[in-house]
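Presented below is the structure to which this report refers.
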2 protein chains.
Amino acid sequence: MSTVSRVLNGSPDSRVTEGVRRRILAAADELDYSPNLYARGLALGRGLHITVCTWSAVTHLSAQRAHEIHTAAVATDRQVIAIDGAALSSPYELLRLLTSQLPAACVFVSGGWRPDTIEPVVTTLHERGVYCLVVDSSWPLDPTTPCDTIRADRTQGAALGVSHLIDRGHRHIALVSLLRITGRLEGYEEALSAHGISERYIAPLDPDIPYRDDVALTECARQQTCQLIEESPQLTGLFCSSDVLAVAAMGAVRDLGLRVPDDVAIVGFDNDTFGAFLPIPLTTIEHPLDEFREATTKLLAGRLDGEDGPWRRERVDYRLIKRATTAIPEAHN
Amino acid sequence: MSTVSRVLNGSPDSRVTEGVRRRILAAADELDYSPNLYARGLALGRGLHITVCTWSAVTHLSAQRAHEIHTAAVATDRQVIAIDGAALSSPYELLRLLTSQLPAACVFVSGGWRPDTIEPVVTTLHERGVYCLVVDSSWPLDPTTPCDTIRADRTQGAALGVSHLIDRGHRHIALVSLLRITGRLEGYEEALSAHGISERYIAPLDPDIPYRDDVALTECARQQTCQLIEESPQLTGLFCSSDVLAVAAMGAVRDLGLRVPDDVAIVGFDNDTFGAFLPIPLTTIEHPLDEFREATTKLLAGRLDGEDGPWRRERVDYRLIKRATTAIPEAHN
DNA sequence: TTGAAAGCGATACCAC
DNA sequence: GTGGTATCGCTTTCAA
């Protein structure tokens, strides 16, 4: 019955007698009524839910972001469909899934998505009336892509870490990183150049290490760091592309009989939980999770509420967390 | 058109001429046809998707499990709807969301769900024809609950860790744990009793520490461990309910000028990534993720395929990962 | 202000 | 084997 629909959806110009209204709500409550999602979707020609496409749902960061969106969704009484990119058989699959769902909004989360896979999907979805939001992509999207984006500039993050080492007086600074990680090398270069430092020391972790094989990666980092320091004993600073790598690098420094931070200072990346609890708490770069959350929630809520305006390209910044691995050595000069 | 439907769904007794079949498939391909989820759901009276209800989507374990289900889903060409328990406003909300979706299967993932919230939901869903699977609940469910379950027995996990310390010759062993975590205390008791050890040393981490405040928790663990060892210097073994706590406990041991593992041996829990990379790699208890995955995938696939039979109560076991924090001290006796 | 009726797009029954 | 047709539950338009 149409009146019922009007009441239950709080239709815009709800011209319903208060008495009828109350009776309907009471009945719905009594019968434990819950609307059939499919009928509604069919009538509306689209879903009311938000779809979250994570590149890989297992990483902590993705999970964290997905959670933020769930929270935003509940706030607007919407369901969430999750698509786990890592489980997809092909990028084409993504578009197929999305068009057969046709959500109200689609959020692409996290770094792995490449612009060339996302952009066409976003374009198609936008044509079909789906609002798209891309959160934390590693690479900037084409400015004409019809969606909002929220990004932290990876180069800024890396530069922040390296600059901190320079501030602490270090001049011979190495980069310990998978070079395939976006922005690390660029940030390293940028910070050193800005301070007129020309020496470069790079531990290019084996590019053949399979994705997510943390054990192999760490072992490799340890070896390469050892070798790097032996070859260039003037090194006093290490910037590592993750906290796990930083722990490995600390191991290497210990192996060589050197001390952290007195002989070698170390900066990690990610602000992983364990960093604060290490014997020598780790200085690291923090992802601005709260800013991501805030921007995500605000954009989603606004756009789903019909808010118009040009596509936003929001930027949030990484933050430095100073801890003991870059402490200035006690004055025992 | 019915024939089209028959072809596209590979209907059971697909009595369709090969020529027609091919033409339909070709047309579908050409038109880039993707079936409307809502129409299908409406006609079928239910969804074809799998709903995953995580207690809290942000923890690594939940995310990992959710990923397994995504993978299983893709394998059977199903979509996944995720419900993040942590984002729900009330437990009642859960049932409302689920009945308005009516998935083909519903998987409850991870420890936080209490039997008394899950059981009625499962029962209702089952009445409506939804297959339910409960993975890794902290507490065993009522045996009559109409669903399959896969559990690792938390008591077994804790007992495993404590027994290992006993095997290593320790007799004065402390438990460092939030007591609200299921099974830790029981496993501790069980293992000690089984070896006729009567001494108990417990650091009952402040029960008022807010959920997921790792920093406060760790600080508290460090202090309490310190105090415990000072009061009972005969202590030589610590069993901690998580790897993060174990790191804090190691800090306490260091603070007291004692050595790990020579003076005090430590066992953690979770096999977190960082454990292997600590200066003294951490002995810990590993969640049997692969067994969970295997059992989950098999049950889901089978049941969705119409497999009948009594409800299963599968059990998987935690595993001990031996590392340096419980190494037998070099023979310098 | 309310209700009747026409879809939305797929499925499944039932004649052909 | 194939295709017409009622049907699923809800929204929306249009008359009453």
Side-chain angles (χ1 to χ4, degrees), chain A residues 1-49 76-79 81 95-104 127-130 304 306, chain B residues 1-49 77-79 81 95-104 125 127-130 304 306:
Chain A
M1 182 189 294
S2 38
T3 310
V4 174
S5 174
R6 252 165 286 184
V7 171
L8 263 35
N9 291 308
S11 118
D13 41 16
S14 65
R15 313 157 303 164
V16 186
T17 320
E18 188 54 27
V20 181
R21 218 182 106 76
R22 276 223 306 277
R23 278 198 302 133
I24 289 177
L25 289 176
D29 197 47
E30 177 140 9
L31 294 175
D32 231 3
Y33 171 82
S34 65
N36 181 310
L37 205 66
Y38 305 105
R40 183 179 261 179
L42 184 54
L44 253 38
R46 63 167 44 275
L48 291 173
H49 63 274
T76 55
D77 197 32
R78 289 166 191 279
Q79 306 220 19
I81 294 194
L95 186 56
R96 205 181 58 79
L97 286 174
L98 285 170
T99 54
S100 83
Q101 297 181 175
L102 223 53
E127 279 165 11
R128 309 270 243 116
V130 180
L304 285 174
Chain B
M1 184 190 294
S2 36
T3 309
V4 174
S5 174
R6 252 165 288 188
V7 171
L8 263 36
N9 291 307
S11 116
D13 40 16
S14 66
R15 313 156 302 164
V16 186
T17 320
E18 187 53 28
V20 180
R21 220 182 105 75
R22 276 223 306 279
R23 277 199 302 135
I24 291 177
L25 288 175
D29 198 48
E30 175 138 11
L31 295 174
D32 230 3
Y33 170 83
S34 65
N36 180 310
L37 206 67
Y38 305 104
R40 185 181 258 176
L42 183 56
L44 254 38
R46 62 166 46 276
L48 292 173
H49 63 274
D77 197 31
R78 289 166 189 280
Q79 307 219 21
I81 293 193
L95 186 56
R96 206 180 58 77
L97 286 175
L98 285 169
T99 53
S100 84
Q101 300 180 175
L102 224 53
L125 288 176
E127 279 164 12
R128 310 269 243 114
V130 180
L304 285 173

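Protein chains get the first letters and strands the later ones, always in sequence-line order, with residue 1 at the start of each.
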* Could you state the interatomic distance from CZ (A:R46) to CG (B:N36), rounded to the nearest 0.5 Å? -> 11.0 Å
* Structure fact -> Between A:P103 and A:H49 the two heavy atoms that sit nearest each other are CB-NE2, 3.3 Å
* To do: Look up atom CD in A:Q101 and atom CD1 in A:I81, then write down how far apart they are to the nearest 0.5 Å.
  => 4.0 Å
* Nearest heavy-atom neighbours spanning B:L102 and B:G45 -> CD2-O, 3.7 Å
* Asked: How far does the helix from C:dT1-D:dA16 to C:dC16-D:dG1 bend, going by the axes of its first and last five pairs, to the nearest 10°?
  -> 40°
* Structure fact -> In this structure, OH of B:Y33 is separated from OG1 of A:T99 (nearest 0.5 Å) by 10.5 Å
* Asked: Say you draw a straight line from CG of B:L8 to CZ of B:R21; how long is it, rounded to the nearest 0.5 Å?
  -> 9.5 Å
* **A:L44 CG to C:dG7 P, straight-line distance once rounded to whole Å** => 17 Å
* Using a cut-off of strictly less than 4.0 Å between a heavy atom of the residue and any atom of DNA chain C, enumerate the qualifying residues of residues 35-43 of chain A by number. => A:L42, A:A43
* Roughly how many Å is it from CZ in A:R23 to C1' in C:dT2, rounded to a whole number? -> 12 Å
* To do: State, without any angle test, whether B:S100 and B:R96 hold a side-chain donor-acceptor pair at a distance under 3.5 Å.
  => no
Could you list the protein-to-nucleotides 2-4 of chain D atom pairs, N/O on both sides, closer than 3.5 Å?
{"from": "D:dT2", "atom 1": "OP1", "to": "B:T17", "atom 2": "OG1", "distance (Å)": "2.3"}
{"from": "D:dT2", "atom 1": "OP2", "to": "B:T17", "atom 2": "N", "distance (Å)": "2.7"}
{"from": "D:dT2", "atom 1": "OP2", "to": "B:T17", "atom 2": "OG1", "distance (Å)": "3.2"}
{"from": "D:dG3", "atom 1": "OP2", "to": "B:T3", "atom 2": "OG1", "distance (Å)": "3.4"}
{"from": "D:dG3", "atom 1": "N7", "to": "B:S2", "atom 2": "OG", "distance (Å)": "2.8"}
{"from": "D:dG3", "atom 1": "N7", "to": "B:R6", "atom 2": "NH2", "distance (Å)": "2.8"}
{"from": "D:dG3", "atom 1": "O6", "to": "B:R6", "atom 2": "NH2", "distance (Å)": "2.8"}
{"from": "D:dG4", "atom 1": "O6", "to": "B:S2", "atom 2": "OG", "distance (Å)": "2.6"}

* Taking all non-hydrogen atoms of both residues, which atom of B:V7 and which atom of B:V16 are closest, and how far apart? -> CG2-CG1, 4.0 Å
* When the distance from CG of A:L8 to P of D:dG9 is rounded to whole Å, what number comes out? -> 16 Å
* Atom pair CG/CZ of A:N9 and A:R40 - distance to nearest 0.5 Å -> 5.0 Å
* Structure fact -> Rounded to the nearest 0.5 Å, the CG atom of A:L37 sits from the CG atom of B:L42 at a distance of 10.5 Å
